[in-house]
> 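Mind having a look at this structure? Questions to follow.
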Amino acid sequence: MKAFTYNLENGAAVATKVDKSSKYKSKESKYVSITKFAFPNVKNGSIIEYQYEVTSPFLFIVPEILIETDTPSLYTEYVLDSPSNIAYNVNYTGSLNPKYREVEEKMMYGMSYRTYRFGYDNVKGFKTEKFVNNDRNYRTKISAELHSTNFRELKLYSSSWEQIKQRLYENEDFGGELKKTKLAKENMPANISGINDENDKANAIFNYVKNTFTWNKDRGIYVEDGIKKMLETKTGNAAEMNLFLVMLLREAGIKADPLVISTVSNGLINIASPNISNMNFVIAAIQTKDGFHLFDATAKQSSVDQLPPRDWNQFGILISKEKVQQLSMVNAKTSFTYLTADAKINDDGSISGTYSDKDTGAYAMFAKENYDDNAEKYKKQYKENFAIDFTNIDSKVLDNGDFESTMKFSSDNLIDKIGKK
């Protein structure tokens with residue numbers, strides 16, 4: 001990469017180079033590390049310029065590039081060089097069209113390459129809006145997904161959802177785990193055989209998985225250590241927990257299948273360009289006489305059709321043995337927030353009492369996620385957002401899954417005393 005900061009000094013543009021000491025790496029997660037660089041000498045009116053090249057050994061996943069960022073740009077250019085025997089679907093989404101567009105074949109590194117170049121002039125800074133779950137869905141961006149390779153024979157990778165289903169069921173970390181029916185038979189809860197109603201049976205199996213195992217916060221549609229290991233440690237990733245749920249439901253005679261989805265933070269699925277790299281999560285779906293019902297065992301507060309907020313991302317792809325189908329995902333259950341103040345006026349004119357903030361449904365799960373991220377910050381919001389001093393703030397999940405914060409308060413400036421009134 002190359003990067004500079006430009007400032008106007010005495011009528012002339014002066015460039016300051018970003019040197020090696022300004023670059024550093026940070027480990028974001030188990031799988032992701034990010035290279036960062038800091039611009040020196042930035043002032044009001046500065047112009048920053050940077051250019052970087054990504055060389056990747058991963059044929060399947062080419063990093064998605066944002067054209068519309070928070071910072072305005074005089075000129076942004078996207079260049080992808082790929083060998084001619086590796087074909088990609090190049091998708092660009094968003095409202096901006098490239099002013100310059102070029103796709104050409106040329107010789108590079110002693111072999112034939114296909115080069116994609118897209119140039120954008122005067123790109124304005126993207127302004128996000130309230131109540132948009134993931135503004136990345138609306139920014140102009142470019143992604144390249146592997147379509148086919150031709151090394152002596154042609155192999156297709158993203159031609160149809162049906163082919164993707166076939167590959168998933170052939171994959172030992174997805175379909176291979178679902179075939180291990182013995183694990184489901186040996187670990188079926190004892191009380192299930194006595195339940196006759198299909199929905200009650202599904203709920204009982206779901207509650208068993210949800211309450212027995214703990215999600216390790218790792219997303220993905222493939223198992224990591226395997227379901228057998230999860231049964232031993234009582235901890236697993238999203239695929240291990242929810243694929244095991246599917247296995248138990250099937251063993252109990254319920255029509256159940258995996259539903260692969262893209263979570264809200266991962267962005268919307270590109271239906272027009274089928275590719276499994278779009279997906280980062282799997283949940284369970286059952287089909288009964290009254291339609292489909294969805295389960296996600298990774299959330300302790302979840303229930304049938306009451307999924308965590310991260311899951312509600314318009315639609316998912318049902319990977320059943322018979323066929324693939326798109327399922328619409330709409331949160332039809334209403335959630336509520338109950339705010340309750342119980343106060344008394346004391347003889348000295350002060351007021352004291354208790355205050356309760358209780359959330360139900362998806363609101364409760366969202367509140368619990370924020371609380372788990374930073375409990376102190378969550379409690380601190382009550383002191384920052386109210387002109388009153390709260391003490392003894394206690395936040396917890398109730399037995400029915402609601403999330404409630406209770407606190408005490410007292411104040412001597414909530415009442416005006418005039419004479420004896």
Side-chain angles (χ1 to χ4, degrees), residues 29-32 58 60-61 161 163-184 186-188 202 205-252 254-267 269 274-286 292-300 302 304 307-313 315-321 324-325 327 329 369:
S29 71
K30 184 174 170 182
Y31 306 103
V32 178
F58 302 109
F60 285 91
I61 303 171
W161 290 113
Q163 283 192 332
I164 286 173
K165 179 204 83 172
Q166 193 68 31
R167 289 210 313 275
L168 281 175
Y169 273 105
E170 291 171 357
N171 191 300
E172 62 179 20
D173 292 330
F174 188 94
E177 290 289 311
L178 289 171
K179 289 178 182 176
K180 298 176 181 178
T181 54
K182 187 179 178 182
L183 291 176
E186 292 175 346
N187 292 277
M188 182 68 71
I205 292 172
F206 169 67
N207 286 327
Y208 161 72
V209 176
K210 177 183 71 172
N211 296 325
T212 305
F213 305 97
T214 300
W215 182 38
N216 62 11
K217 302 299 181 183
D218 283 345
R219 304 186 180 193
I221 62 172
Y222 301 107
V223 304
E224 289 180 349
D225 299 322
I227 292 172
K228 187 177 181 181
K229 184 74 173 177
M230 181 194 73
L231 293 169
E232 296 171 4
T233 63
K234 298 294 186 286
T235 302
N237 73 349
E240 286 156 356
M241 290 187 67
N242 284 323
L243 289 182
F244 181 58
L245 173 59
V246 170
M247 291 162 62
L248 287 174
L249 291 167
R250 287 177 175 179
E251 186 65 29
I254 298 170
K255 170 65 176 162
D257 292 298
L259 183 74
V260 292
I261 65 171
S262 171
T263 57
V264 169
S265 62
N266 194 54
I269 296 171
N275 197 300
I276 201 61
S277 65
N278 287 331
M279 315 298 189
N280 72 327
F281 214 83
V282 59
I283 61 177
I286 67 168
F292 287 97
H293 296 289
L294 307 179
F295 298 91
D296 184 355
T298 64
K300 298 293 185 187
S302 182
V304 56
L307 305 177
R310 64 171 178 267
D311 291 352
W312 295 113
N313 203 20
F315 47 79
I317 306 298
L318 188 71
I319 309 293
S320 69
K321 292 178 180 178
V324 178
Q325 67 183 104
L327 278 193
M329 295 179 65
E369 284 181 1

> So how far is it from D311 CG to T263 OG1, rounded to the nearest 0.5 Å?
7.5 Å

> So E172 and V223, do their side chains get closer than 4.5 Å, heavy atoms only?
no

> Are the side chains of N278 and S262 in contact, using a 4.5 Å heavy-atom criterion?
no

> Is any side-chain heavy atom of L243 closer than 4.5 Å to a side-chain heavy atom of M230?
no

> Is there side-chain contact between F295 and V304, with at least one heavy-atom pair below 4.5 Å?
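They are in contact (side-chain heavy atoms under 4.5 Å apart), so the answer is yes.
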
> Measuring only between side-chain heavy atoms, which start at C-beta, is L248 closer than 4.5 Å to F206?
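L248 does not reach F206 side chain to side chain.
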
> Between E170 and R167 (salt bridge meaning N to carboxylate O under 4.0 Å), is one present in this structure?
no

> Step by step, would you call M279 with N266 a side chain to side chain contact (heavy atoms under 4.5 Å, CB included)?
CA-CA 8 Å; M279 315 298 189; N266 194 54; over 6 Å; no

> What are the two closest heavy atoms between L245 and A284, and how far apart are they?
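Scanning both residues completely, I find the closest heavy atoms to be CD2-CB, 3.7 Å.
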
> State the CG-CG distance between L168 and D173, to the nearest 0.5 angstrom.
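That separation rounds to 11.0 Å.
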
> Do K180 and I227 pass the side chain to side chain contact (heavy atoms under 4.5 Å, CB included) test, and can you show the C-alpha distance, the side-chain angles, and the key distance before you say yes or no?
CA-CA 9 Å; K180 298 176 181 178; I227 292 172; over 6 Å; no

> Taking side-chain hydrogen bond (donor to acceptor under 3.5 Å, both in side chains) as the cut-off, I'd like each qualifying pair that reaches into residues 228-242, sequence neighbours left out, listed once.
N242-D296

> Out of curiosity, I317 CD1 to L259 CG, how far, rounded to the nearest 0.5 Å?
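So the CD1 of I317 and the CG of L259 are separated by 8.0 Å.
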
> Got a donor-acceptor contact below 3.5 angstrom from the W312 side chain to the L307 backbone?
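Pair found, side chain donor or acceptor close to backbone of L307.
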
> Any chance you could lay out the side chain to side chain contact (heavy atoms under 4.5 Å, CB included) test for V324 and I164, step after step, and finish with the verdict?
CA-CA 9 Å; V324 178; I164 286 173; over 6 Å; no

> Does N313 reach the main-chain N or O of I261 with its side chain, forming a donor-acceptor pair under 3.5 Å?
no

> If you take all heavy atoms of M188 and A252, which pair is closest and at what distance?
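Answer, listing the atom of M188 first, then A252: CE-N, 3.9 Å.
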
> Backbone N or O of L178 within a donor-acceptor pair of the Y169 side chain at under 3.5 Å?
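Checked: no pair found.
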
> Walk me through whether I205 and E251 qualify under side chain to side chain contact (heavy atoms under 4.5 Å, CB included).
CA-CA 11 Å; I205 292 172; E251 186 65 29; over 6 Å; no

> Over all heavy atoms of both residues, which pair between T214 and K300 is shortest? Give the atoms and the distance, please.
OG1-NZ, 3.8 Å

> Donor-acceptor pair, D218 side chain versus G236 backbone, under 3.5 Å?
no

> Using salt bridge (Lys or Arg N to Asp or Glu O under 4.0 Å) as the criterion, point out the one residue from R250, K165, K321 that pairs with D257.
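Option passing the salt bridge (Lys or Arg N to Asp or Glu O under 4.0 Å) with D257: R250.
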
> If I compare all heavy atoms of A256 with all of I286, which pair ends up nearest, and what's the gap?
CB-CG2, 4.0 Å

> Any idea which heavy atoms bring K255 and S320 closest together, and the distance?
NZ-CB, 4.2 Å

> How close do A297 and V209 get, heavy atom to heavy atom, and via which atoms?
CB-CG1, 3.7 Å

> Taking the side chain as every heavy atom from C-beta outward, state whether T298 and F281 have any atom pair closer than 4.5 Å.
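Answer yes - side chains close enough.
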
